[in-house]
Amino acid sequence: RRETLPHSLRPRGGAPAPALPIAPPAVETIARRPSGGGIRVSIRLRTNGAETVTLIAPPGAPIRAAGIGDRAHRFSLGGPEDRSFLRCVGRRCDGAVLDLILAGPDPVPVTLVGTRSGLPAAAEPLLRSRPAWARPQYAPDSTTTVTRVSL
């Protein structure tokens with residue numbers, strides 16, 4: 001069926017699947033301190049096996065900048081209706097420390113998406129039911145976890 005997932009802006013094809021005990025990525029807040037009229041939040045990424053970790057902030061989220069160490073750059077160039085995305089790819093993401101500059105002291109809710117290549121063994125029935133002519137489009141099969149956190 002076609003559905004819009006929490007980490008996507010457009011409908012995608014999907015099928016019912018069992019809930020599996022796959023640990024999603026996590027963030028550990030290391031520090032919250034004043035910074036230039038806002039708050040600098042330092043977080044450590046925990047990938048829990050994901051190869052890609054994406055933080056998605058809702059439209060209008062008060063995130064001014066994001067970066068590593070002293071290299072924070074303006075976070076969003078979009079309009080007030082646009083969500084903001086911060087993506088980390090590769091093994092070095094596990095344990096990476098990121099800094100986000102928030103406009104104010106209130107926590108910001110974000111969606112945390114983890115993606116890993118391939119499908120778990122429990123997806124074998126789904127693969128067997130795939131027509132022989134069907135193939136993944138644009139990217140190979142992957143396993144995605146979605147969770148929500150506050151920064």
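Within the structure, the side chain to side chain donor-acceptor pair (under 3.5 Å) test picks out the following pairs touching residues 141-151 (sequence neighbours left out): R130-D141. Residue pairs meeting the disulfide bond (SG atoms under 2.5 Å apart) criterion with at least one member in residues 84-151, sequence neighbours excluded: C88-C93. The side chain to side chain donor-acceptor pair (under 3.5 Å) contacts involving residues 97-124 comprise R40-D99, S42-D99, E51-S117, where partners must be two or more places apart or lie in separate chains.
Contact of the S84 side chain with the I56 side chain is not registered, since no non-hydrogen atoms from C-beta on lie closer than 4.5 Å. Under the 4.5 Å side-chain criterion, counting only non-hydrogen atoms from C-beta, P120 is in contact with I22. In this structure, the side chains of I101 and I63 stay at 4.5 Å or more apart for every pair of heavy atoms. Counting only heavy atoms from C-beta outward, the side chains of V146 and L112 never approach each other to under 4.5 Å.
Pairing each heavy atom of R83 with each of P59, the nearest pair is CG-CD, 3.6 Å. Among all heavy-atom pairs drawn from P109 and P58, the shortest one is O-CD, 3.1 Å. Residues A50 and G114 come closest through the heavy atom pair CB-CA, 3.9 Å. Across P125 and A122, no two heavy atoms sit closer than the pair CD-O, 3.3 Å. Between A61 and V108, the shortest heavy-atom distance links the atoms CB-CG1, 4.0 Å.
For the pairing with V53, the side-chain contact (heavy atoms from CB on, under 4.5 Å) check across V27, T47, L98, D94 returns one residue only, T47.
Listed by chain and residue number, N48 satisfy the side-chain contact (heavy atoms from CB on, under 4.5 Å) test with A23 (two or more places apart in sequence, or in another chain). Residues forming a salt bridge (Lys or Arg N to Asp or Glu O under 4.0 Å) with R87 (at least two apart in sequence, or on another chain): none.
We find the CG-CG distance between L55 and L86 to be 5.5 Å, quoted to the nearest 0.5 Å. Summarising the geometry, atom CZ belonging to R32 is positioned 6.0 Å from atom CG belonging to L102; distances are rounded to the nearest 0.5 Å.
Atom CZ of R91 has 12 or fewer heavy atoms from other residues, nucleotides or ligands within 6.0 Å.
Both I68 and L100 are members of a single hydrophobic cluster when ILVMFWY side chains are connected at heavy-atom separations under 4.5 Å. Following chains of ILVMFWY side-chain contacts shorter than 4.5 Å, one can reach I39 starting from V149, so the two form part of one hydrophobic cluster.
Listed by chain and number, the hydrophobic cluster partners of V97 are I30, where partners are ILVMFWY side chains within reach of under 4.5 Å, directly or through others.
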